[in-house]
Asks: 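Quick one: the structure is below, questions incoming.
Worth saying up front: this structure is predicted, and the values here are computed from it rather than measured. Convention: sequence-line order gives letters A, B, ...; per-chain numbering from 1.
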Protein chains: 2
Amino acid sequence: MQVKLEEIIQSIYLLPEQVLEEVLGNFKHLEYPKNHYLLKPGKSCKHIWFMTKGAVRYYYTNEQGKEMNTWFSMDRQVIADTSSLVKKEPSEESIQLLEDSEMYAIEYTSLQTLIQKHHAFSLWYIKLVELYYIAQIEDRLTDLQFLDAKQRYQKLLSLYPDITNRISLGNIASYLNITQETLSRIRAGKI
Amino acid sequence: MQVKLEEIIQSIYLLPEQVLEEVLGNFKHLEYPKNHYLLKPGKSCKHIWFMTKGAVRYYYTNEQGKEMNTWFSMDRQVIADTSSLVKKEPSEESIQLLEDSEMYAIEYTSLQTLIQKHHAFSLWYIKLVELYYIAQIEDRLTDLQFLDAKQRYQKLLSLYPDITNRISLGNIASYLNITQETLSRIRAGKI
DNA sequence: ACCATTTTTTGATTTACATCAAAAGTATTC
DNA sequence: GAATACTTTTGATGTAAATCAAAAAATGGT
């Protein structure tokens with residue numbers, strides 16, 4: 001247990017000792033093997049996970065049965081199907097581990113209860129959403145709109161320098177929304 | 001003043017009478033003419049606007065000086081450069097009115113103060129972000145990834161059936177991330 | 001009503017990337 | 001260590017949409 005949950009929580013927004021204790025009690029430490037599913041389509045997302053080690057991909061399966069990655073997270077990141085969580089609707093996507101991973105989980109219902117109970121925790125949650133979620137998704141949206149495949153790949157590389165050792169070419173290509181042939185050609189400098 | 005601010009606020013999350021009064025006092029009613037800028041690049045976004053009438057576009061200006069729309073909002077929608085707001089950094093985008101418009105504005109600093117002061121208002125803000133912001137941006141992201149130009153146009157039409165009378169073809173094309181020639185051909189059924 | 005400007009449409013050509021097909025390279029298992 | 005299954009690369013061809021160029025249509029000002 002290298003990364004302490006308390007540190008992660010306090011780095012988002014400082015909570016009073018008493019609230020922190022109660023919040024910590026609502027998290028579970030979990031370990032899952034590579035390929036484990038945190039979420040499958042049709043199920044509602046009921047947790048927020050704070051990954052401390054590992055890698056995960058989010059993907060949709062289209063009508064032709066093709067898996068299309070929409071995102072992945074590595075190491076210290078927050079994981080959830082925010083759309084399913086917020087709308088309280090069944091998820092349309094899958095969340096699958098790409099490495100043996102460790103994480104802390106909190107149930108969304110517990111989170112809701114804590115938000116209602118503690119003003120400080122509602123402020124913590126606002127910071128979480130603003131910093132970890134909105135900032136991230138905004139960046140991704142502008143990248144998708146303005147950058148071509150090669151530029152998106154280069155940006156991804158600068159964000160995760162070791163990604164080529166950890167995530168397969170096919171998975172990265174799917175995330176970039178290009179074919180693996182195209183990504184292979186980008187790597188070879190042919191594009 | 002057809003749409004009452006009180007209704008908008010209470011439709012997001014019900015506030016106690018006393019908090020509501022204080023919140024209402026922090027909003028200003030504003031009217032601006034077509035082409036007015038709510039935000040220009042380099043300035044920090046300092047307000048959240050609740051539009052009650054009108055239309056607005058968000059756009060970036062790229063290195064070649066070309067304006068690229070990223071979003072637009074019509075009638076009852078929440079307006080802000082969330083990225084600039086949240087990161088407290090200068091905006092990279094412009095927000096410009098496409099019609100004479102009416103709206104209510106609250107300063108982000110006032111919002112922060114109210115969030116710190118009233119637990120109920122922090123819960124209101126969480127709902128605002130979850131429902132109006134996250135749900136919307138998530139949808140937009142999946143549309144961009146999975147739908148082609150024609151499908152995105154059809155989805156836009158079903159969302160804003162009167163859009164062709166209110167927003168020019170060039171502006172819609174820019175929002176769809178295609179050229180106006182392509183949109184013209186889509187409309188003519190040639191694609 | 002006319003001229004100037006902006007918006008939309010049409011046509012020809014180019015381009016980035018997809019698709020299809022197959023070979024080469026790497027892991028995994030017995 | 002050969003057999004099997006994945007993963008990555010290479011080549012040929014196809015396609016959606018961009019770009020370039022210009023005409024047609026609509027809008028606005030005097």
Asks: Below 4.0 angstrom, which residues in residues 176-185 of chain B have at least one non-hydrogen atom near DNA chain C?
Replies: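 Those residues whose heavy atoms fall under 4.0 Å from DNA chain C, taken from residues 176-185 of chain B in numerical order, are B:Q180, B:E181, B:S184, B:R185.
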
Asks: Salt bridge (charged side-chain N to carboxylate O under 4.0 Å, His left out) with A:K117: which residues, sequence neighbours excluded?
Replies: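 Per chain and number, A:K117 pairs via salt bridge (charged side-chain N to carboxylate O under 4.0 Å, His left out) with A:E22.
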
Asks: Provide the start and end nucleotides, 5' to 3', of the part of DNA chain D that has atoms under 4.0 Å from heavy atoms of chain B.
Replies: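 The protein-touched segment is D:dA17 to D:dA21.
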
Asks: Between C:dT6 atom P and B:N35 atom CG, what is the distance in whole Å?
Replies: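 Between P of C:dT6 and CG of B:N35: 12 Å.
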
Asks: Check ring-ring contact (aromatic ring centres under 6.0 Å, His included) between A:H119 and all other residues, then give those that pass, not counting sequence neighbours.
Replies: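 By the ring-ring contact (aromatic ring centres under 6.0 Å, His included) rule, A:H119 matches B:H119.
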
Asks: Determine all donor-acceptor pairs shorter than 3.5 Å in which one atom belongs to a side chain in residues 181-191 of chain B; sequence neighbours excluded.
Replies:
unit_1 : atom_1 : unit_2 : atom_2 : d
B:T182 : OG1    : B:T179 : OG1    : 3.0
B:R187 : NE     : B:Y153 : OH     : 2.9

Asks: Please verify the inter-ring angle class for B:W71 with B:Y58; under 30° counts as parallel, over 60° as perpendicular, anything in between as tilted.
Replies: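 Aromatic pair B:W71/B:Y58 classed perpendicular.
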
Asks: For residues 87-94 of chain A, tabulate all N or O donor-acceptor pairs below 3.5 Å that involve a side-chain atom, not counting sequence neighbours.
Replies:
unit_1 : atom_1 : unit_2 : atom_2 : d
A:K87  : NZ     : B:D139 : OD1    : 3.3
A:S91  : OG     : A:D81  : OD2    : 2.8
A:S91  : OG     : A:E93  : N      : 2.9
A:S91  : OG     : A:E93  : O      : 2.9

Asks: Minimum heavy-atom separation for B:Q116 and A:L123, please, with both atom names.
Replies: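 Reported closest heavy-atom pair: OE1-CD1, 3.5 Å.
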
Asks: Apply salt bridge (charged side-chain N to carboxylate O under 4.0 Å, His left out) to A:K28 and list each qualifying residue two or more places apart in sequence or on a separate chain.
Replies: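 In terms of salt bridge (charged side-chain N to carboxylate O under 4.0 Å, His left out), with neighbours along the sequence ignored, A:K28 is linked to no residue.
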
Asks: Tell me every residue that passes salt bridge (charged side-chain N to carboxylate O under 4.0 Å, His left out) with B:K127, counting only those two or more places apart in sequence or in another chain.
Replies: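 B:K127 satisfies salt bridge (charged side-chain N to carboxylate O under 4.0 Å, His left out) with B:E130 only.
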
Asks: Please check this pair: side chain of B:S73 against backbone of B:V56, looking for a donor-acceptor N/O pair closer than 3.5 Å.
Replies: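 Flag not set: sc B:S73 to bb B:V56 has no pair under 3.5 Å.
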
Asks: Quick one: bend of the helix from C:dA1-D:dT30 to C:dC30-D:dG1 from 5 pairs per end, to 10°?
Replies: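 Roughly 50°, once rounded to the nearest ten degrees.
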
Asks: Step through the shown structure and confirm whether more than 12 heavy atoms of other residues, nucleotides or ligands are within 6.0 Å of NZ on A:K43.
Replies: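 12 or below, so no.
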
Asks: How does the hydrophobic cluster around A:Y37 look, that is, which other residues are in it when side-chain heavy atoms under 4.5 Å mark a link?
Replies: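 A:Y59, which link up through side-chain heavy atoms under 4.5 Å apart, make up the rest of the cluster.
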
Asks: Below 4.0 angstrom, which residues in residues 153-175 of chain B have at least one non-hydrogen atom near DNA chain C?
Replies: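 B:S168, B:L169, B:G170 - these, ordered by number, are the residues of the stretch whose heavy atoms sit under 4.0 Å from the strand.
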
Asks: Applying salt bridge (charged side-chain N to carboxylate O under 4.0 Å, His left out), name anything that partners A:D100, two or more places apart in sequence or on another chain.
Replies: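 Salt bridge (charged side-chain N to carboxylate O under 4.0 Å, His left out) list for A:D100, sorted by chain: empty.
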
